[in-house]
Amino acid sequence: MTEPLTPDSSASPDGLSTPDTAIPDAETPVAQCPYCSRPFRTERACTLHLGDSHHEKWTDDERAAYGAAVDDEADDLFVFHLKVVGALSLLYAGYVLAYMIVLGLQG
């Protein structure tokens, strides 16, 4: 039995909504859920799906893989946050420097 796919908010050119897990016809899915046959572009996405949607049925190996995938996801999110903070800091420093230059030219 398959779960119904929930469409995302974006519409395709023909006006129909496409699900978040839609994979183009030219691309083959890297992984597929063993419980609901949903296709995924990465193994990590499939593993996270197993933990989120099928945690009552999963095996010990799938549980360990889910824990590792969650840790990897948290690490990637932390690195992204560091990059955003760094970019905002550089932007702020640039504005302060530009403001100081403009004030110096006026005096």
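Note that the structure is a prediction, hence the values are computed from the model and not measured.
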K.L.:
How many angstroms lie between CG in L50 and CZ in R63, if you round to the nearest 0.5 Å?
P.N.:
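L50 atom CG to R63 atom CZ measures 11.5 Å (nearest 0.5 Å).
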K.L.:
Determine all donor-acceptor pairs shorter than 3.5 Å in which one atom belongs to a side chain in residues 83-96; sequence neighbours excluded.
P.N.:
| from | atom 1 | to | atom 2 | distance (Å) |
| --- | --- | --- | --- | --- |
| S89 | OG | V85 | O | 2.8 |

K.L.:
Quick one: CZ on F80 to CG on D75, what's the gap to the nearest 0.5 Å?
P.N.:
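With rounding to 0.5 Å, CZ (F80) is 15.0 Å from CG (D75).
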K.L.:
So which residues get pulled into F78's cluster when ILVMFWY side chains under 4.5 Å apart are joined, directly or through others?
P.N.:
L82
K.L.:
Name all residues meeting the side-chain hydrogen bond (donor to acceptor under 3.5 Å, both in side chains) criterion together with D52; count only those two or more places apart in sequence or in a different chain, and write none if there are none.
P.N.:
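Applying side-chain hydrogen bond (donor to acceptor under 3.5 Å, both in side chains) to D52 gives Y66.
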K.L.:
How close do E43 and V30 get, counting heavy atoms only, and between which atoms?
P.N.:
OE2-O, 3.8 Å
K.L.:
Please give me the minimum heavy-atom distance between A31 and T42, naming the atom from each residue.
P.N.:
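Between these two residues, the closest heavy atoms are CB-O, 4.1 Å.
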K.L.:
Could you work out, with side-chain hydrogen bond (donor to acceptor under 3.5 Å, both in side chains) as the rule, every residue matching D76, not counting sequence neighbours?
P.N.:
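Counting only residues at least two positions away or on another chain, D76 forms a side-chain hydrogen bond (donor to acceptor under 3.5 Å, both in side chains) with R44.
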K.L.:
Main chain of T59, side chain of E62: is a donor-acceptor contact present, judged purely on distance under 3.5 Å?
P.N.:
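Between the backbone of T59 and the side chain of E62 there is a qualifying donor-acceptor contact (under 3.5 Å).
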K.L.:
Between Q32 (side chain) and S37 (backbone), is there a donor-acceptor pair under 3.5 Å?
P.N.:
yes
K.L.:
Would you call the rings of H49 and H54 parallel, tilted or perpendicular if under 30° counts as parallel and over 60° as perpendicular?
P.N.:
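Perpendicular.
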K.L.:
Looking at residues at least two apart in the chain, or sitting in another chain, which of them share a salt bridge (charged side-chain N to carboxylate O under 4.0 Å, His left out) with E27?
P.N.:
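Here the qualifying residues are R41.
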K.L.:
Can you list everything that forms a side chain to side chain contact (heavy atoms under 4.5 Å, CB included) with L97? Sequence neighbours excluded, please.
P.N.:
I101
